[in-house]
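Residues: numbered from 1 along the sequence shown.
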Amino acid sequence: MSTSFASATPVTPDRDWWRRAVIYQIYPRSFADGDGDGIGDLPGIRSRLPYLAALGVDAIWLSPFYPSPLADGGYDITDHRDVDPRLGTLEDFDHVVADAHRLGIRIVVDIVPNHTSDQHPWFVEALEAGPGSPARERYIFRDGTGPDGSEPPADWRSHFGGSAWQRAGDGEWYCHLFAREQPDLNWDHPEVRAYFEDTLRFWADRGVDGFRIDVAHSLAKDLSHPLRSQPNLDAVLPLDGTDPLYDREEVHEIYRSWRKVFDEYDPPRMAVAETWTPTSSRTYLYARPDELGQVFDFSLLKAQWHPEQFRSVITRSIREHSQIGGAMTWVLSSHDVPRHATRYALPLDTDLYAWLAGDGRGVELDEATARRRARAATLMMLALPGSAYLYQGEELGLLEVADLPAESLRDPVFERTGGELKGRDGCRVPLPWTSGGPSFGFGADGSWLPQPDWFGAYAVSAQSGDRGSSLELYRSALALRRTLATDDDFAWVESGDPEVLRFARRDGWECLVNFSAREVDVPGRPLLSSTGDLGPTLAPEAAVWFVPSAPV
């Protein structure tokens, strides 16, 4: 495979690098295995940094690599300032940072502030200390309801299914908005706030350039007695910040204090909020300059393959961001959702999660359709102003692994829903680096999730040097994007066809996306197309970057 990175230059102290960056998400346990135990690790990541430099990304975002019992894929953390020994050491982490910076790649790490593992020293202490103890005040413990306290304190629901309350051995209940092994922290407690501010400094002092904030909208909660009813998760929220659990107005005070920590460094550290709240004007508040600066806008990820949906999402996001001064973000795939190549290839009326629960049977997935639409959507996304977040393997055109056997699944969603939801393992299957060999080059001895036989055709080695491959399209697009995208200027251009989207960027280049089943004319000189063809017409379900013809 190609390991050339001649174009890479060391990281420079640019304060605004993140505003227009391409950031590549790594799920460490599934990226590359350096020691042959079947689990991806930091040495494996370090060995593949030249690949990422050649791909052309500006930064990598590392999902949790901290010590964890793995009740939720590493998001249940026992120590926020160390490395899980199965993934390496702090010295390994320092090597990753140093090598990445030499290659011009910045480092973003996950911060998980809503909860800890139930094996975190704080929670172990809380259980041992008993009801009414100061140790329990760091978490959310309450008496149960009913005659003997055997019912949960409130009707709050877990995102992984069932109640958000678990009864401890002494009869009190604790809150967990996710798995029962992930007790929620009490953000009214000063020790909790100080702990995470010190954690941010710990990683920033080690050279980390930024932070991705997990479930950023859930820290502040209304814990006044009696606890208010909230049985709807974060699907329906008031627009005044008064929900008892999510997107409360008080959460922004936390992030204003974090901004002061980020600004202690030169250049200031960046941050991006993860919030799955329904997209509204409140979503973009997290991206205010005196808070985190960026928030994931998942509305593009949630949109189906349809021109009006894409147009509406893009229009709203650009408008809302311009009003608060934050940097825009775009994302099509992540470790939490089925891969976009698969989503776009299914009929619009498909119940995606029912399809996954049925192991991908019932509706046939056409790989050619997946390839066309995923490549077109990616080229469209990379032409938009702001930052683009990529998920590992999407540059290979990987599909969701829908038929993982039940006995191999690790996501707690599968167990908590009684198998009704299959969970997120299908997008976390370890990457194929070679067309054959043990675990397709992921490591020397298998992989923690089974890889399908068809992975070999999608491997890095199979695509490198093939000008028609998805990998080479990504490489070309990222290289060209670096020369073209200079600011946030954007304007829709009327295409005259409801199935064709067209928009212009500064410096005289445009993007055309053809959602139709017919060829359309390219109104100018093509620079790059999702099909590789630079002729005068654009194929069905394709996108092209071009310099428009001068008006006659």
Side-chain angles (χ1 to χ4, degrees), residues 11 23-52 59-103 105-124 179 181-182 185 195-214 261 265 269-272 274 335 392 410 428 430-431 442-445 447-449:
V11 164
I23 301 175
Y24 182 99
Q25 181 191 359
I26 290 178
Y27 191 73
R29 289 170 174 79
S30 297
F31 187 69
D33 175 15
D35 62 7
D37 65 355
I39 302 172
D41 48 36
L42 294 180
I45 292 170
R46 186 185 183 192
S47 72
R48 298 295 185 178
L49 288 174
Y51 165 82
L52 296 171
I60 55 175
W61 149 31
L62 300 176
S63 290
F65 50 84
Y66 313 110
S68 170
L70 297 181
D72 180 24
Y75 283 85
D76 50 314
I77 297 169
T78 59
D79 187 346
H80 294 76
R81 303 177 198 167
D82 205 352
V83 174
D84 192 310
R86 290 165 291 190
L87 274 65
T89 64
L90 280 172
E91 183 180 8
D92 290 325
F93 179 83
D94 292 340
H95 286 314
V96 169
V97 173
D99 285 4
H101 283 175
R102 279 194 292 269
L103 294 172
I105 299 173
R106 292 176 170 84
I107 302 290
V108 176
V109 300
D110 241 305
I111 294 293
V112 185
N114 179 69
H115 46 260
T116 69
S117 165
D118 62 354
Q119 297 181 34
H120 190 285
W122 275 3
F123 195 72
V124 172
E181 298 88 353
Q182 294 170 290
L185 289 160
Y195 175 81
F196 278 96
E197 289 187 8
D198 289 344
T199 297
L200 296 172
R201 292 187 181 97
F202 177 87
W203 293 110
D205 289 344
R206 299 192 90 93
V208 163
D209 303 282
F211 303 92
R212 177 262 190 187
I213 315 304
D214 186 61
V261 175
Y265 296 87
R269 295 333 190 217
M270 62 79 70
V272 57
E274 182 218 27
H335 68 295
Q392 64 178 41
R410 308 291 182 87
R428 300 177 179 183
L431 296 189
F442 168 70
D445 190 20
S447 62
W448 67 279
L449 283 172

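Formation of a donor-acceptor pair under 3.5 Å by the Q392 side chain with backbone atoms of Y27 is found in this model. Side-chain atoms of R428 come within 3.5 Å of backbone atoms of H335 as a donor-acceptor pair (strictly under, hydrogens ignored). A donor-acceptor contact shorter than 3.5 Å links the side chain of R86 to the backbone of S68. With R106 contributing its side chain and I23 its backbone, the two residues share no donor-acceptor pair below 3.5 Å. Formation of a donor-acceptor pair under 3.5 Å by the D99 side chain with backbone atoms of L103 is not found in this model.
Within the 4.5 Å cutoff, the side chain of D33 has no heavy atoms near those of the P430 side chain. Residues L70 and R410 have side chains not in contact (no heavy-atom distance under 4.5 Å, counting atoms from C-beta outward). Side-chain contact check for L185 versus N114: every heavy-atom pair is 4.5 Å or farther apart. Proximity of S30 to L431: side-chain heavy atoms (C-beta onward) are nowhere separated by under 4.5 Å. Counting heavy atoms from C-beta on, the side chains of D92 and D41 never come closer than 4.5 Å. The closest side-chain heavy-atom distance from R269 to W203 is not below 4.5 Å. Side chains of T199 and F211 form no contact here, defined as non-hydrogen atoms less than 4.5 Å apart. Using a 4.5 Å heavy-atom threshold, the side chains of V83 and T89 count as separate.
Separating the CD atom in E91 from the CG atom in L42 is a distance of 11.5 Å, to the nearest 0.5 Å. Of the inter-residue distances, the one linking F31 atom CZ with L62 atom CG reads 9.5 Å to the nearest 0.5 angstrom. How far CZ of R46 is from CZ of F93: 13.0 Å, rounded to the nearest 0.5 Å. Separating the CD1 atom in I77 from the CG atom in D84 is a distance of 10.5 Å, to the nearest 0.5 Å. Put simply, CD1 on I45 and CG on L52 are 9.0 Å apart, with the number rounded to the nearest 0.5 Å.
Listed by chain and residue number, R206 satisfy the salt bridge (Lys or Arg N to Asp or Glu O under 4.0 Å) test with D94 (two or more places apart in sequence, or in another chain). Under the ring-ring contact (aromatic ring centres under 6.0 Å, His included) criterion, W448 pairs with no residue, sequence neighbours left out.
Sparse packing is recorded around CG of D445, with 12 or fewer heavy atoms of other residues, nucleotides or ligands lying under 6.0 Å away.
Legend: salt bridge (Lys or Arg N to Asp or Glu O under 4.0 Å) pairs involving residues 71-81, not counting sequence neighbours, sorted by first then second residue: D72-R424.
The closest side-chain donor-acceptor pair between D110 and Y75 falls under 3.5 angstrom.
Checked against a 6.0 Å centroid threshold, the rings of F202 and H80 do not count as neighbours.
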